[in-house]
Amino acid sequence: MVLITLVSSDEQNFPVERELLKQSGTIETLIVNMNLDDEDTDAAAMPIPLPNVKGDVLEKVIQWMEHHKGDPVKEGDNEDNNAEIVVPQWDDDFFKPAMYGSKHLELTVAASYLDIKNLLTLSCKAISNTFKGKTGPQIREEWGVPNEFTPEEEEAIRKENEWSE
Amino acid sequence: MSSELNLAELPVDVLLNIFGQTDQEKTKQKSIRTTLRLVCRRFNSIIIDPSNQRRLSAIRMKIEMISIAQIDSFWEIRVFLGATDAQTANREMFDYPPEIPPLKRRGDTLMRWGSEELTNCRKKISCEGNAEFFEIISQFEPRRLELDRIDLTRSLIFSLIDCLRGYPRIQCINLKVLDLGERAKVLNTSFAKDIDAGTMAKFASNFHSLIHIPKEFVNSEFMEKWTNGSDTGGFDFVKPVEEYEQHTRIPLRNFNRFWIFESTKLFTTLAEYLCC
């Protein structure tokens, strides 16, 4: 089993199975471009630094990739794909403990940075699911977003659209 | 990365991904777009940014139809949240003068269909406020778009194309050339002289069906551009109309490939030539 070492921003080392890393577009491109796959070169032993991902977040990402090992990897942006996405139970349980906190958001940003499309999609879907049936101020309160609007600004946005609602 | 990352601070791409996956609750008519705009300034600015509209398609309110009319110096935009085909068909039997008073929301009550119950909501804005006009129509994803009593200019058509770009295809455009309500064959929507078949085809390629499109535009160049657009196939029909003549409907189901259409035209021309 080929292992490749990922180094988080806080300099923690994570040896990860080569096969798992195929889920990450960013790392896969790096491996291919730097010949890290070639066991006969020194490059193979070179760790991959990930300066934008902290150790605890990278650990969660690896945990997620391990569970989804062998899943088909999404290609392209699929922006026009209108199929409804359902977060599977395992993923829902995986995201839930950190939901509404910065940890889940950091995991989502890491998925975007590492270009792990399936993780990004499910993570974003899990966030958007928390908006269901809520008002703007309720979403703001639940996610701890500071209220920057003056009452007049808020009223103006409401008024702009109330004719059609 | 900050240790206390906030939802409002996520990168734009990630936020667009989140917004794009937000379910438009089918049971509620309240727009999720407005809800999200009210969360914070950053959400608001991302959502109203025209360059993000393609990725925000999911949070547009799905509606039956938008009808845009030009009345004096105002755009009148009517939004039909839901209507059955039968209701919409009946609608054409009624006359609806521009001075219909604004309608109040009627909740879930099913109203009798008539001239005063034509639409769920309407808004009048000055024709000078084009930005507001496009902001309003970009909130919705209508099944049909109706342009009524509009002086269509080339610049307006290109602005509409810009506004429609990136939308999932709207099923149908009705140019409302004829006022069927008054049973008079009077041109309602007019077309500036600088609008040619190519411009109309570019505009038409946002739609599967075209109703009341002037016959002069429906030539082979138009058909080729329309049917060879980025979203090929699935065209329903074109109903061209000529002033003071009966309109005709051309179903395209039998003309899935343009070359068949062209061949049919060639044989028709040959037959006409031989008959002469």
Side-chain angles (χ1 to χ4, degrees), chain A residues 9 51-54 56-57 77 79-82 84-85 87 100-113 117 120-149 153-154 157-158 160-165, chain B residues 1-11 13-23 25 27-44 48 54-55 57-59 61 63 66 77-79 81 102-103 105 120-124 132 135-136 139-140 166 168 231:
Chain A
S9 61
N52 291 340
V53 189
K54 285 195 298 190
D56 54 348
V57 178
D77 286 338
E79 278 177 17
D80 292 331
N81 188 355
N82 288 326
E84 197 176 327
I85 291 152
V87 181
Y100 297 112
S102 66
K103 285 285 165 274
H104 182 77
L105 299 176
E106 286 178 36
L107 177 71
T108 310
V109 175
S112 171
Y113 168 67
K117 290 193 172 67
L120 179 63
T121 303
L122 292 176
S123 183
C124 288
K125 182 65 185 173
I127 294 173
S128 73
N129 280 346
T130 68
F131 300 162
K132 270 186 190 168
K134 309 272 170 57
T135 62
Q138 282 170 336
I139 295 171
R140 190 194 300 150
E141 195 178 324
E142 279 187 343
W143 281 92
V145 176
N147 183 9
E148 307 155 312
F149 289 123
E153 284 174 321
E154 211 168 296
I157 296 174
R158 278 184 220 280
E160 221 174 280
N161 295 287
E162 72 181 3
W163 68 282
S164 63
E165 291 175 348
Chain B
M1 191 185 292
S2 159
S3 59
E4 284 303 320
L5 185 66
N6 188 288
L7 180 68
E9 297 163 354
L10 287 176
D13 253 15
V14 174
L15 282 175
L16 284 171
N17 199 327
I18 294 169
F19 297 159
Q21 293 196 44
T22 307
D23 292 328
E25 290 165 80
T27 51
K28 285 176 75 179
Q29 294 297 357
K30 185 146 184 82
S31 158
I32 187 71
R33 193 173 184 276
T34 311
T35 300
L36 293 175
R37 284 183 64 188
L38 285 166
V39 173
C40 62
R41 284 214 173 100
R42 185 143 185 268
F43 277 24
N44 185 41
I48 61 173
R54 180 181 170 81
R55 295 188 64 187
S57 162
I59 60 168
M61 192 187 278
I63 54 165
I66 293 182
I77 302 171
R78 300 177 193 212
V79 173
L81 299 178
L103 296 169
R105 186 171 179 166
N120 306 58
C121 37
R122 67 215 300 264
K123 183 165 185 162
K124 256 184 162 180
E132 192 188 352
E135 162 59 18
I136 286 172
Q139 289 173 37
F140 302 102
D231 183 6

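Being a predicted model, the structure only gives us computed values, none of them experimental. Throughout, protein chains are lettered first and strands after them, A, B, ... in sequence-line order, and every chain is numbered starting at 1. Both backbone and side-chain heavy atoms feed into the values below; hydrogens, waters and symmetry mates do not.
Comparing A:Lys125, A:Glu141, A:Glu154, A:Gln138 by heavy-atom pairs within less than 4.5 Å of chain B, the highest count is held by A:Lys125. Looking only at heavy-atom pairs under 4.5 Å with chain A, the residue among B:Leu36, B:Val39, B:Asp13, B:Asn44 that has the most is B:Val39.
The shortest side-chain heavy-atom distance between B:Asn17 and A:Thr108 does not fall under the 4.5 Å cut-off. Between B:Ile18 and A:Phe131, some side-chain heavy-atom pair lies under the 4.5 Å cut-off. Taking the side chain as every heavy atom from C-beta outward, A:Thr135 and B:Leu38 never approach each other to under 4.5 Å.
Residues A:Ser128 and B:Gln21 approach most closely at OG-O, 3.2 Å, considering heavy atoms. Closest non-hydrogen pair, B:Asn6 versus A:Leu105, comes out as C-CD1, 3.5 Å.
A:Glu148 places a side-chain N or O within 3.5 Å of a backbone atom of B:Arg41 that can act as its donor or acceptor partner. For A:Ser112 (side chain) and B:Val14 (main-chain N/O), no donor-acceptor pair under 3.5 Å exists by modelled atom type. Not one N or O on the side chain of B:Arg37 forms a donor-acceptor pair closer than 3.5 Å with the backbone of A:Ile157.
For the atom pair NZ (A:Lys134) and CD1 (B:Ile32), the distance works out to 10.5 Å, reported to the nearest 0.5 Å. Remark: A:Ile139 CD1 to B:Leu7 CG distance equals 8.5 Å, nearest 0.5 Å.
A 6.0 Å sphere centred on CD of A:Glu153 holds more than 12 heavy atoms belonging to other residues, nucleotides or ligands.
Contact of A:Thr121 with chain B is made through backbone and side chain together, with heavy-atom distances under 4.5 Å.
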